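A short worksheet on the structure shown next.
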Amino acid sequence: MEISELINEFEIFIITYNRIDYLKRALHSALVQSVKGFNITVLDNGSSDGTEDYIKEVQTKNNNIIYIKESINIGPFNIFLKAVSLASKKYVMIFHDDDILHPQYIEAVLKIIEKHSNIDLIYTKINSFIDENNVNLEPFGSVSYKLYEKQDFIKHIYINKGSSHLVFPCVIYKTQNLKNLNITETIKSAGTIADMDMVVETLTNNGYGVFIENKMYNYRAHSDQESHVKKLYASEIIANNLYFKDKLKHIFLGNLYLNVFSYYWFRNMYNYFGCYEDITLTELLKMGYEKQAITKYTYLMSKFYGKFLIPVNHILKKILQIERFKKQKIYLGGIDQ
């Protein structure tokens, strides 16, 4: 399918609530994409700051903008579910009003979809920013990306979780896969860190997951963001690792991946976010061991008499981080839509 046809199979949802200044940048970044013509739906979760008047003004100059407003704020989870329910194109992106797209992101996505069949999802390396002067908008002549089959993609996500490797709103999904996902149950088990579970669940056995190595999504870090997490419950960290334990058991050397990377996942989540419960990392790992989310090997690394395992684990980590994927490149620019 040609790019001109794919544009009609793609749409963006921008979720907003009382952040008109951020929204202006986010919406502008969608409007100035190097490919144009796709629908942009602004889903307003009951704003009272002039967002409605602003969007109506922008609509007079852009006939591809749809505006839907809730009468009251229904919460970030429910507004996201509404976006999923409203999505009607083959591919969809649902992102927040505080982030900024690179102007060539959608062009890169559509060119990758044009080149390969059975693309289930695409995500990109992010540029995290606080000061808008640090937003990355410089043009790319080409984009490098990695193409993963399902099992390799699961390993890819698992060995990189615990870092800022993936943020949920930067992902482009095959819409039907997202609709088929039981999002409520996923959120119920893993809570505020269900992002990676949800991404993995949208990948089918015959589909491919794509990771773009260029920074094509600008992720604003601030205390008022919808997805901001101050602390985690121990049960959330444990449930997330149980989820990946179940996925890894079907993969060659999956138990080895679980042994090696569980420790880093628990440690990173504990150190970066902390727990609502007043517990030590060792106590958290003990809870994980009792719930069978980690093995005794992983638990021992937090104990004094198990410290000798950590150097061995670092070596295994380096070896297992050698991933299986098809690395390819596409060239950008020159598209006149």
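All values reported here derive from a predicted model rather than from experimental measurement. Values below: all heavy atoms of this structure, side chains included; hydrogens, waters and symmetry mates excluded.
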Tell me, with the steps shown, if Ile119 and Leu147 meet side-chain contact (heavy atoms from CB on, under 4.5 Å). CA-CA 9 Å; Ile119 297 294; Leu147 190 72; 3.7 Å; yes
Worked verdict on Tyr243 versus Glu201 for side-chain hydrogen bond (donor to acceptor under 3.5 Å, both in side chains): CA-CA 11 Å; Tyr243 170 82; Glu201 285 298 309; 2.6 Å; yes
Apply side-chain contact (heavy atoms from CB on, under 4.5 Å) to the pair Ile159 and Glu323, showing each step before the final yes or no. CA-CA 10 Å; Ile159 68 179; Glu323 300 182 80; 3.8 Å; yes
Could you please spell out the steps behind the side-chain hydrogen bond (donor to acceptor under 3.5 Å, both in side chains) verdict for Asp197 and Asn240? CA-CA 7 Å; Asp197 304 22; Asn240 188 262; 2.6 Å; yes
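In this structure, Tyr264 has its ring center closer than 6.0 angstrom to the ring center of His314.
Between Ile112 and Ile330 there is a side-chain heavy-atom pair separated by less than 4.5 Å. Leu232 has its side chain out of reach of Tyr276: every pair of non-hydrogen atoms, C-beta onward, lies at least 4.5 Å apart.
Checked by atom type and distance alone, the side chain of Gln104 never pairs as donor or acceptor with a backbone atom of Gly333 at under 3.5 Å. One N or O on the side chain of Asn214 and one on the backbone of Ser144 form a donor-acceptor pair closer than 3.5 Å. Judged purely by atom type and a 3.5 angstrom limit, Thr202 has no side-chain atom pairing as donor or acceptor with the backbone of Leu121. For the pair Ser142 (side chain) and Tyr331 (backbone), a donor-acceptor distance under 3.5 Å is absent. Asn313 contributes no side-chain N or O that, together with a main-chain N or O of Leu309, makes up a donor-acceptor pair within less than 3.5 Å.
Under a 4.0 Å N-O distance rule, the pair Glu70/Lys82 qualifies as a salt bridge. With respect to the salt-bridge test (charged N to carboxylate O, under 4.0 angstrom), the residues Glu132 and Arg25 qualify.
Residue-environment remark: NZ (Lys69) exceeds the threshold of 12 foreign heavy atoms within 6.0 Å. For NZ of Lys115, the number of neighbouring non-hydrogen atoms (other residues, nucleotides, ligands) closer than 6.0 Å is greater than 12. Within a 6.0 Å sphere centred on NZ of Lys179, other residues, nucleotides and ligands contribute more than 12 heavy atoms. Around the CD atom of Gln292, the shell of radius 6.0 Å holds no more than 12 heavy atoms that belong to other residues, nucleotides or ligands. Within 6.0 Å of NZ in Lys286 there are 12 or fewer heavy atoms belonging to other residues, nucleotides or ligands.
Connection of Leu320 to Ile315 is not established within any shared hydrophobic cluster, with ILVMFWY side chains joined at heavy-atom distances below 4.5 Å, either directly or through further cluster members. In the hydrophobic clustering of ILVMFWY residues, with side-chain heavy atoms under 4.5 Å counting as a link, Leu137 and Val109 come out apart. A continuous path of Ile, Leu, Val, Met, Phe, Trp and Tyr side chains, each step under 4.5 Å between heavy atoms, connects Leu253 with Phe325, placing both in one hydrophobic cluster. Both Tyr257 and Val312 are members of a single hydrophobic cluster when ILVMFWY side chains are connected at heavy-atom separations under 4.5 Å. Clustering ILVMFWY residues whenever any of their side-chain heavy atoms sit less than 4.5 angstrom apart, transitively, puts Leu332 in a cluster other than the one holding Val32.
Residues that satisfy the salt bridge (Lys or Arg N to Asp or Glu O under 4.0 Å) test with Lys89, not counting sequence neighbours, are absent from this structure. In this structure, the side chain to side chain contact (heavy atoms under 4.5 Å, CB included) partners of Asp49, at least two apart in sequence or on a different chain, are Asn18, Ile20, Ser47, Thr51. Taking the salt bridge (Lys or Arg N to Asp or Glu O under 4.0 Å) definition, one finds that Arg324 meets it with Asp152, sequence neighbours left out. In terms of the salt bridge (Lys or Arg N to Asp or Glu O under 4.0 Å) criterion, Glu9 has no residue partners (sequence neighbours excluded).
The aromatic rings of Tyr105 and Tyr217 lie perpendicular to each other, with more than 60° between the two planes, well past the 30° mark. Between Tyr123 and His156, the ring planes lie tilted relative to each other; the angle falls in the 30° to 60° range.
If you take CD on Glu107 and NZ on Lys36, they are separated by 10.5 Å, rounding to the nearest 0.5 Å. In this structure, Asn255 CG and Thr295 OG1 are separated by 8.5 Å, a value rounded to the nearest 0.5 Å. Rounding to the nearest 0.5 angstrom, the gap separating the CE atom in Met301 from the CD1 atom in Ile310 is 6.5 Å. For the atom pair OH (Tyr270) and SG (Cys275), the distance works out to 6.5 Å, reported to the nearest 0.5 Å.
Counting only N and O atoms by type, the side chains of Asp120 and Asn177 include a donor and acceptor under 3.5 Å apart. Under 3.5 Å, the side chains of Glu11 and Tyr91 contain no donor-acceptor pair of N or O atoms. Side-chain contact, Tyr219 with His96: no donor N or O sits under 3.5 Å from an acceptor N or O. Of the N and O atoms on the side chains of Tyr289 and Ser262, not one donor lies less than 3.5 Å from an acceptor on the other residue. Under 3.5 Å, the side chains of Asn127 and Asn218 contain a donor-acceptor pair of N or O atoms.
A cation-pi arrangement is absent between Lys317 and Phe261 under the rule of less than 6.0 angstrom and at most 45 degrees off the ring axis. Judged by the 6.0 Å and 45° rule, Lys146 forms no cation-pi pair with Phe211. Under a cutoff of 6.0 Å and an axis angle of 45°, Lys24 and Tyr54 form a cation-pi pair.
Contact detail for Lys150 and Thr204: the closest heavy-atom pair is CD-O, 3.6 Å. Between Asp278 and Glu283, the shortest heavy-atom contact is O-OE1, 4.4 Å. Closest approach of Ser302 and Tyr263 over heavy atoms only: N-CE1, 4.5 Å. Heavy-atom minimum distance, Met287 versus Ile279: SD-CD1, 3.9 Å. Closest of all the heavy-atom pairs between Val92 and Ala87 is CG2-CB, 4.0 Å. Taking each heavy atom of His102 and Glu138 in turn, the nearest pair found is NE2-O, 2.6 Å.
The one candidate from Lys327, Lys329, Lys125 that meets the salt bridge (Lys or Arg N to Asp or Glu O under 4.0 Å) condition with Glu213 is Lys327. The only member of Phe13, Tyr17, Phe168 that meets ring pair (Phe, Tyr, Trp, His ring centres under 6.0 Å) when paired with Phe80 is Phe168.
Listed by first and then second residue, the side chain to side chain donor-acceptor pair (under 3.5 Å) pairs involving residues 58-67 are Asp44-Tyr67 (not counting sequence neighbours). Here ring-ring contact (aromatic ring centres under 6.0 Å, His included) pairs that include residues 20-40, with residues two or more places apart or in two chains, are Phe10-Phe38, Tyr22-His222.
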